[in-house]
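Everything on this sheet refers to the single structure shown next.
Every chain is numbered from 1, with letters handed out A, B, ... down the list of sequences.
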Amino acid sequence: MNHWLMKSEPDTFSIDDLKRKKREAWDGVRNYQARNFMRDGMRVGDGVLFYHSNCTEPGIAGIAAVASDAYPDPSQFDPESKYFDPGSSRDHPRWMLVDVTFVKKLKRTITLEELKHHPALERMTLLRKGNRLSVMPVDAAEWRYILDLE
DNA sequence: GCCAACGTTGGC
DNA sequence: GCCAACGTTGGC
């Protein structure tokens, strides 16, 4: 089993939204590296750290799980969607997504600030300078370490 | 709101 | 294929 971190802006879609909806198609990813992680790396049952970005308290807010294989992101075909991609086609879809399901909300948000202070995590992709990926892998050791911080 | 970092676009 | 211009991300 692999582990992942997925970013979401809580004003748009938060861990509480996922808790309420139980399951969500992770649409709108428009970065090739992030797409490749979903398309090629994810398997049903993989664990996901649900990260709140671009907010007052950025950090890991909950746990989710990969719930489907990758399939074409429907929003790329929808001219009304802000994620519409005129360069994509149904025959050759450019963007893929997976469904995720709610596992739990953490008792507290493990903040970005806190993560930065743990030497065990200094090599995390999330913490690398300039990293802007919204979907990224997490080491098994990092995964365990972070869950123990709760 | 600022801005550093990075990805994409498109002229040449 | 280069690279300047532009757009986006996301912490602060």
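Backbone-only contact: Leu133(A) has heavy atoms under 4.0 Å from sugar-phosphate atoms and none from a base.
For the pair Lys129(A) and dA5(B), the criterion of a side-chain N or O lying under 4.0 Å from OP1 or OP2 is met.
Atom-to-atom, CG of Asp11(A) to C1' of dT9(C) comes out at 15 Å; the value is rounded to the nearest Å. Rounded to whole Å, atom P of dG11(C) lies 6 Å from atom CG of Leu112(A). Nucleotide dG11(C) holds its C1' atom 7 Å from the NZ atom of Lys116(A), rounded to whole Å. Rounded to whole angstrom, the span from the CZ atom of Arg30(A) across to the P atom of dC6(B) amounts to 23 Å. One atom, CG of Leu126(A), and another, P of dT9(C), lie 16 Å apart when rounded to the nearest Å. The distance between atom CZ of Arg128(A) and atom P of dC6(B), rounded to the nearest whole Å, is 10 Å. We find that CG of Leu5(A) is positioned 11 Å from P of dG10(C), with the value rounded to whole Å. Separating the CE atom of Met124(A) from the P atom of dG11(C) is a distance of 13 Å, rounded to the nearest angstrom.
Figure legend: Arg23(A) and Phe102(A) shown without cation-pi pairing, the cationic atom not lying both under 6.0 angstrom from the six-membered ring centre and within 45 degrees of its axis.
The side chain of Tyr32(A) approaches dT8(B) more closely than any other nucleotide in the set dT8(B), dC12(C), dT9(C).
By the 4.0 Å N-to-carboxylate-O rule, Asp46(A) lies too far from Arg43(A) to be salt-bridged with it.
Using modelled atom types, one finds a donor on one side chain and an acceptor on the other under 3.5 Å when comparing Arg30(A) with Ser75(A).
Here NZ of Lys104(A) is found 6.5 Å from CG of Leu147(A). Values are rounded to the nearest 0.5 Å.
Residue-to-nucleotide proximity on DNA chain B shows that, of Asn54(A) and Asn31(A), the 5′-proximal contact is made by Asn54(A).
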